[in-house]
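Keep in mind that the numbers below use all heavy atoms, side chains included, and drop hydrogens, waters and symmetry copies. Computed from a predicted structure; not experimentally measured. All residue numbers in this chain count up from 1 along the given sequence.
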Amino acid sequence: MRASREMCCIDAQCTNENKIRVDLFHSQLVMSIEDKGYQRVSSDSKMSLTIGFIFFMFILPALHMAGAAPSCPDLDPELELWNPGHDEDNRVNISQGQKLLLSSSATVHSIHITNGGKLVIKDKTNPIVLRTRHILIENDGALYIGSESCPFQGNLTIILYGRADDGIQPDSDFGKKYIGVVSGGTLEIHGEKKLSWTFLNKTLNPGGMQEGGYFFERSWGHHLSFDTYRLKGESIRLVQYLNAVDDGMILSVAVNDEGSKNLDDSARKAMTKLGSKHFLHLGFRHPWSFITVKGSPSTSVEDHIEYQGRKGSAVAKVFKVFQAENGEHFNVSSTSEWVQDIAWTEWFEKPEKSKSKGGERLSDFQAAHPEVCDNPVDIQAFTLDGAKLTTEVLYKNGRDYRFFCRGPEQTHRACHNYRVRFLCGKPVRPKLTVIVDTNVNSSILRLADNVQSWKVGDKIVVASTDYSMHQAEEFQILPCRACGHNEVKVAGKASFLHTGEVIDGVDMRAEVGLLSRNIVVMGEMEKQCYEYNTDLCSFFDFDTFGGHFKFGLGFKAVHLEGLELKYMGQQLLGHYPIHFHMAGDLDEKGGYHPPTYVKDMSIHHSFSRCVTIHGSNGLLVKDVVGYDTLGHCFFTEDGPEVRNTFDHCLGLVVKPSTLLPSDRDTRMCKTITEGAYPGYVPKPRQDCNAVSTFWLANPHNNLINCAAAGSEETGFWFVLHHVPTGLSVGMYPPGYSEHIPMGTFYNNRAHSNYRAGMIIDNGVKTTPASAKDKRPILTMIAGRYSPHKDADPLKPREPAIIQRFIAYKNQDHGAWVRGGDVWLDDCQFADNGIGLTLASGGTFPYDDGSKQEIKNSLFVGESGNTGTEMMDNNVWGPGGLDHSGRTLPIGQNFPIRGIQLYDGPINVQNCTFRKFAALEGRHTSALAFRLNNAWQSCPNNNVTNILFEDVPITSRVFFGEPGPWFNGLDMDGDKTSVFHDVDGSVSEYPGSYIIKEDNWLIRHSDCIDVPDWRGSICSGHYAQVYIQAYKSANPRMKIIKSDYYTHPLYLEGALSKNTHYQQYQPVITLQKGYTIHWDRTAPEELAIWLINFNKNDWIKIGLCYPKGTTFSILSDIHDRLLKKTYKTGTFYPVLQMDKLEYRNPTKGYYYWDEDTGLLFLKLRAQHEKEPFAFCSVKGCERIRIKANIPKNPETSDCEAKAYPKYAEKPSVDVPMPKKLPSSRSKDHFVEVKLDSHKTRYFHLRDDFAYISVEGKKFYLAEDGIQVVVIDGRDGKIVDQMNKLAFVGYKGSFRPYWIKLYTDDEAVRIFQAVPVPVVKKMKL
């Protein structure tokens, strides 16, 4: 491993600005930070930050109606004081009109409130703690804790206790550790009214500095360096750098890894002059840290230690306190170390071959599990029942040793019925940390709203604003007399950057949620995990058997607000913190006045979801914070749940759970196969891996002002149940939820999610496992959403409207939308791997005539939110327009894109793209296409009125190239990508089509190449043909457009190889001739669908078959919605090709040229179609061919015989549009055309050979070479000089668009050259 040493110089002078400027000089990064938070030690110094690789140096200047009750329930004069004391055997039954007032802490076995009984908690008294196994409320029983008009002001904690395995019989409906409300029961809990959550209004910097701050952590070094390990010249550069630093600057210098090998005396002496006492004798891999003020050697602090070898830690750490001009004290600290990481293995049971005589042999475990280390730091063992065992180790030969178990059911010779894990150390690694932070262990948070309802001692959580949800941080509020109404002081300092501002037009403010409430309901937990469900403790190392609320059908009233729920939920189905279970209509429709609600609550450190709505409708969930939970947080379960509203809810840090396949991560998915058919092999990314903050099993629910601020997978997921599942079976007909209109989706946001901010796609399997489909029920499957009025696909479409959605810092997608009419409006996407993918149905739109649409929206590629560089960042690297360091979504070379076009049709309108800039090695682009796409690409993908800001014209579009992420770029959809640039706002050519540069099915000789896009700008009338091949062995298809027959297109087919037919989906130019060939014998049956053909659109097609083949050909119309087919005509043979023109609606003709092996048809659409429909208003027009092929046929490739016999003269049927005038104030394209010919035509006034620049032609007056010189800065013609065609560039680098073509007869280059010519930065 190569060594590293890093340097950073900082100076802080107070300015009126707060900005970071990053400039790259040679191999070191220089950051200039002008920031109010740092103040100068010397009056004229500036803050600058220089990061290298080996040294790290900082320079700083020194009907259900609730019974009537009084406004305050505890003031009811009929109440009887009740103080039961503490008795875990006391089974309390409150009934027969008893009305009790609990005024002190108590412990009981359980509380049953029924038959008119009533329990009220006394307010404004000492804190009350009520411990009970459960509370059940039914049959006119009621529990009151405050009321809506008289919130509870005291402090109440309800603790639900008990273990899953304590021998107590669980209730058949509720289980254990619950508060349950069923028929006739009333539960009213109303805590203090407090703001539930808000936003940061000022960025919270790591280290707590008011302005700026700095945290750097690096293992194994950095790509910017003073590399005195590998390079001899680096010592000289280091000395020169130190000499250039002004006196009075603070320097922090440290070694990372190894820096002594090529460290010469000049560098050692220079550091000694600064005040170092150890640098002169720095040795191999010595950790060393040093802080000084240049010019004052006596201010130096230094630490140094020798390398301890590869199996031992060693650390050198220094810090020093400085004071800024504003009086703020701050620390500069530096740590240089070798770290030995340790980690627990998984839990293992006793190996089958272990003999267990004289203890358990470590070697037996290593044979079964190679990851077990030779010398574990520690060993933990438990019985299979969860009892902890003590382990004793017997060393043998200093290495191979045995261990013994002491505890229940164990003997002195062997361990029995146990599982064990080992704490193993890893080889040491270097680590360098440099921190500049405040000297006070507290921070001031400036917030968007009045937070005076938050009290000293309350706990809050600040969400991540980076890709990792785990950067969320908890704080406790401290007293602060100086704080304003929107400020709080909290204990501690942030470890990560939490953004508190709008950046590049996108609101990236961190959510701040209140966790503390004056009414707490919590589970009483064990200190460690124990098994009460299969394999739990192999996934979790903590107790997951918490408490839960459950509300059943027919309760009288339930209103919850002002609660804190923690340690709630269980890893058992149906046991969730809040669970409305088959409760029916909970609003006015169900007779509830006021409607049922859950609001102003925090649910945190939950073991199974946050709020579950199961078979219930019309519930209001408002101002609820769900934090650090297992499984889907806000969850609708079976599919029929509708009209529920989630308003201003916040969910963050949502982790996998064992409960459902969609909850599970990869390891859980592979381990838990309950309900699967024998032989099932899980595919985690397809079957599971879907845990989400908001899980909507029915689209007809409302999401307003909600935030999904970090999930292991997705923020908002709309998933479809083709039929209801679970206890809701039969509640709606098949397909109902797939067509039901969407509820309101307005002003929601999603960030810091791994897979996506939002997904509208997929369904869940609604049938049990079988031999045909071995997957268990509720695994993830395909699903398509297509909203229609009344959920009836025969009625008009009702578009689903996604309005004012914000998605940023999601690693994979900001949003993935698939299905029918889903329209996004006024949305913001930033810093996502892919901003938005719009998809229809793959091979066909699921709802023909529908489209996806995005309009009036903003896309930002790489914003000013650069994140925090940490060792746990998945990716850190250069990016943005300034090439500065930043967190990256997936990989350093991942092609970041704003909108990803998949199949279509889609409409992109009035959208702005900002800060998409490709690097050499990273193909960032504003518009791009689905990676590795096998499906169709629709020519009705329309793009209109696009604005680009800080997007080089070369980064507007990218079609891909073979290599990382794109693989071979040889799938069918990769080859046929296309979109329509309606107004020219992308290409500068209004009405043009942007196509892949080598697709000669739809390009022609006048198309303009854009090499940086790997695409071309073309004109034409385009459509598609779908060719379905039956009774074939999935042959490869070759299709040739007859006017450019030397450029065939090869298609593999869109479907998997195990389907009973294959489908090929080329985009074609209308009114042209084509031939189709196969790499095997032609299919016996073909169905040719005319897709995107309007009435009278036609193509002529020749299909290759073996000699002796006979045919039966008919035409029909297929209604995909009704699944009905109508025959419309028959084709008859003719002896001349020109007879094909005489087709009428019921009779057509085919020409069979047996010599060449081509069967010719002229395919003409008979009916009109809607604008975005694939098929006509009558249905999909098709031609069906049945071929009787003789035995032992040859391969059906007729190309050699077909051409040039059936070659057509190239023509441009739709002239290229005129290029828009270029704006000289920004980058633009210069249209360059070169036409070179071998033969001169002396009878013509102007020769064919010419060079054209922006429409101005320069003809060749004489034979020879013509040169036209264009200024690469502005595109103006500089000079011209009077047969090859060449577009070149004279400069220090070679742009991708340089081209040289030669030919014996003629060559042509039509190309858009980007101006100004700018060299792309390297990755």
I need the full list of salt bridge (Lys or Arg N to Asp or Glu O under 4.0 Å) pairs touching residues 1155-1175, with sequence neighbours left out, sorted by first then second residue.
Arg797-Glu1170, Glu1141-Lys1162
Look at Arg930 together with Asp974 and state whether they make a salt bridge at an N to O cut-off of under 4.0 Å.
no
Please identify each residue that fulfils side chain to side chain donor-acceptor pair (under 3.5 Å) with Asn1096, with sequence neighbours left out.
none
Test: salt bridge (Lys or Arg N to Asp or Glu O under 4.0 Å). Region: residues 1203-1213. Which pairs qualify, not counting sequence neighbours?
Lys1072-Asp1213, Asp1153-Lys1205
Contact summary for Ser1115 and Arg1143, nearest pair of heavy atoms:
OG-NH2, 3.5 Å
Go through the structure and list residues passing side chain to side chain donor-acceptor pair (under 3.5 Å) with Asp1119, not counting sequence neighbours.
none
Can you pull out every disulfide (SG to SG under 2.5 Å) where at least one residue sits in residues 1133-1187? Sequence neighbours excluded, please.
Cys1175-Cys1180
Please list all pairs passing the side-chain hydrogen bond (donor to acceptor under 3.5 Å, both in side chains) test where one or both residues lie in residues 1178-1196, with sequence neighbours left out.
Asp1116-Arg1182
Any pair counted as salt bridge (Lys or Arg N to Asp or Glu O under 4.0 Å), so long as it reaches residues 1088-1103, sequence neighbours left out
none
For Thr1081, all residues meeting side chain to side chain donor-acceptor pair (under 3.5 Å), sequence neighbours excluded
none
Quick one: side chain to side chain donor-acceptor pair (under 3.5 Å) partners of Thr924, sequence neighbours excluded?
none
Please list, chain by chain and in numerical order, all residues satisfying salt bridge (Lys or Arg N to Asp or Glu O under 4.0 Å) with Glu1052, sequence neighbours excluded.
Arg1036
Does anything in residues 997-1030 form a disulfide (SG to SG under 2.5 Å)? List the pairs, not counting sequence neighbours.
Cys1007-Cys1018
Scan residues 1080-1133 for pairs that pass disulfide (SG to SG under 2.5 Å), counting only residues two or more places apart or in two chains.
Cys1104-Cys1198
